[in-house]
Amino acid sequence: MVFRDIRQFIEALDEKGELVRIKQEVDWDLEVGAISRRAYETEAPAILFENIKDYPQDYRIHSGSLGTYRRLAIAMGLDPDTPIRLISEEYERREQQRVKPITVDSGPCKENIITGAEIDLHRFPAPMVHEGDGGRYIATWHLVVSRDPDEGWTNWGMYRFMIHDSKYLAGFPQPLTHLAMVLRDKYLPAGKPMPVAIVIGAEPLTTLAASATPRIKDEEVEYAGALRQQPVELVKCESNDLLVPAHAEIVIEGEILPDSTAPEGPFGEYSGYRGGGIRLRPLCQVTAITHRTSPILTMSNMGILDECSTAWALSQSLAVKRRLKSHGIPVTDVFMHPWTTTFMVVVGVESGGRKIAEQIGQILTARRAAISKIVVVDRDVDVFHPGQVAHALATKCHPGRGIVIIEYEGKANPVTPCYSAEERKKLKGATAVFDCTWPKEWSIEYDIPTKSCFTDIYPQKLQEKVLRNWTNYGFK
Ligand SMILES: Cc1cc2nc3c(=O)[nH]c(=O)nc-3n(C[C@H](O)[C@H](O)[C@H](O)COP(=O)(O)O)c2cc1C
Ligand SMILES: [Mn+2]
């Protein structure tokens, strides 16, 4: 079952014991943030805050839509107990079949239309998410629609936006994202404002699609249709020609101005640390707001085990797999474990060796070098199993010849916590590849040690007998 909107999804979470409704009054100023952060870190259910200080009782905040693989499974219409490997396989299968959107005349996001002097971003309970954030972030789990003015293709991306004042927002599209490139190459040189629509509270797979990284001009709306296996319904904006998901909760229409910037940040980042400082970043003037009655503001609380660590990590892992495959690497599975916040990727290969490890490192750092640790494992290691990966790293990676280090400048990921201020400024960094495969020249007879695991070190017949008798021995 695919959900029409976030409300149906929230109902499903509730039915499956994956939602806590908080009816007690909570403060948008840090309290919502602190509660949701602890919920992510303890893998507690998602939250619907139903009573927010200073706001009407029917204005709600929803946090943690896809903070766990159980909830991603629910969003995909799968059993919440589906193992991550199977979620990943299903996700990969769906990605292949793009589905074009359809346009409709109207939708719930048009229930309330606010224009002109009435525009006030403070109508919504945007939370002060972390202590020390530069301001109240209204857009942390959302999608931003924009268009290439010459070629007409539409981009969706997830780029955070902070309230600057009642009619302006400051945002952070990183320099190499599609919105930032189109802004830099097409709108700014022409001195033209860039129309955007910030869509909050769409159905979760629709929102997730915006954070995926298909190639430039490859429209994320079709990728959303692919994940949903159903077209996204779009409706035209009030103050520009962009199309937005009709069932979204809140749509903020605006223009990124060609001649102004505004302070943005700092913000608690997906790395699990407070990042950067205050920087001058794109300024967006709001031209209209439309919203459902009794709107639900969705949020992600960036930090360990947020949506980046789980749902986004899965799409990033599959992007890594596609890239390695296209370069002829004999890749089997790829995964980024939630606690590594997408800075470390585990790559499974049919057969390894230092040469393959080096190649993998080169391929994954050729353009944007977002990942700083790559762990390469053989078929005997399940990439989805954190214990097996840690065991392989501890035992199979030679501390001297098993580590490949690739250094670069101009393309490092500036939010990598271990980089110095100087390195961040120059986008200077490094990626280490840990080769946890047995050397190619090692022979099974003499060099490769047999794993002393149940499945490896006992005769097949005995294993079968033990499994048959397991409960008879007294185990559950
Ligand atoms: C929860 C979440 C928050 C994100 N925040 C930002 C952000 O503030 N700025 C940014 O550049 N990318 C952010 N990203 C990553 C982008 O959404 C991702 O790179 C996406 O591919 C951008 O779209 P594009 O490839 O069309 O530019 C975020 C991802 C997630 C899952
Ligand atoms: Mn894009």
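The model shown is predicted, which means the values in this text are computed figures rather than measured ones. Ligands are counted one by one from 1 in listed order, and the atoms in each one are counted from 1 as well. Because only heavy atoms are used, hydrogens play no part in the values below, and waters and symmetry mates are left out as well, while side chains stay in.
Within the listing of ligand 1, atoms 11 (O) sit less than 4.0 angstrom from a heavy atom of Pro173. Within ligand 1, the atoms closer than 4.0 Å to a non-hydrogen atom of Gln174 are 10 (C), 11 (O), numbered from 1 in the order shown.
Annotation: cation-pi pair Arg136/Trp28 present, NZ/CZ under 6.0 Å from the ring centroid and within 45° of its normal.
Considering both main-chain and side-chain atoms, Glu220 comes within under 3.5 Å of ligand 1 through a nitrogen or oxygen pair. Inclusion of Asn155 in the set of residues having an N or O under 3.5 Å from an N or O of ligand 1 is warranted. Taking any N or O of Tyr159, backbone or side chain, at least one lies under 3.5 Å from an N or O belonging to ligand 1. Where the criterion is an N or O separation shorter than 3.5 Å, residue side chain and backbone included, Gly157 fails it with respect to ligand 1. Polar contact with ligand 1: present for Arg160 (N/O pair, distance under 3.5 Å). Distances between N or O atoms of Met302 and those of ligand 1 include no value under 3.5 Å.
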**Study point:** Phe49 vs Val20, side-chain contact (heavy atoms from CB on, under 4.5 Å): CA-CA, chis, key distance, verdict
**Key:** CA-CA 8 Å; Phe49 294 98; Val20 170; over 6 Å; no

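Checked against Glu249 for a side-chain contact (heavy atoms from CB on, under 4.5 Å), the options Arg7, His291, His62 give a single hit: Arg7.
Of all N, O or S atoms in Glu220, the one lying closest to the Mn ion (ligand 2) is OE2. If you look at His178 and ask which of its N, O or S atoms sits nearest the Mn ion (ligand 2), the answer is ND1.
Not a single heavy atom of Met181 sits closer than 4.0 Å to an atom of ligand 1. Heavy atoms of Ala212 approach ligand 1 to within less than 4.0 angstrom. Tyr270 does not count as a contact of ligand 1, since none of its heavy atoms falls under 4.0 Å from the ligand. Contact analysis leaves Leu208 out of contact with ligand 1, as no non-hydrogen atom separation drops below 4.0 angstrom.
Remark: minimum distance from atom 10 (C) of ligand 1 to any protein heavy atom is reached at Phe172 O, 3.5 Å. Of the protein's non-hydrogen atoms, the one nearest atom 14 (N) of ligand 1 is Met158 O, 3.2 Å. Ranking the protein heavy atoms by distance from atom 15 (C) of ligand 1 puts Trp312 CZ2, 3.7 Å first.
The part of Ala210 lying near ligand 1 is the backbone, judged by heavy-atom distances below 4.0 Å. At a heavy-atom distance under 4.0 Å, only backbone atoms of Thr140 (N, CA, C or O) approach ligand 1. If you look at Ser211 next to ligand 1, the close heavy atoms, those under 4.0 Å, come from the backbone and the side chain alike.
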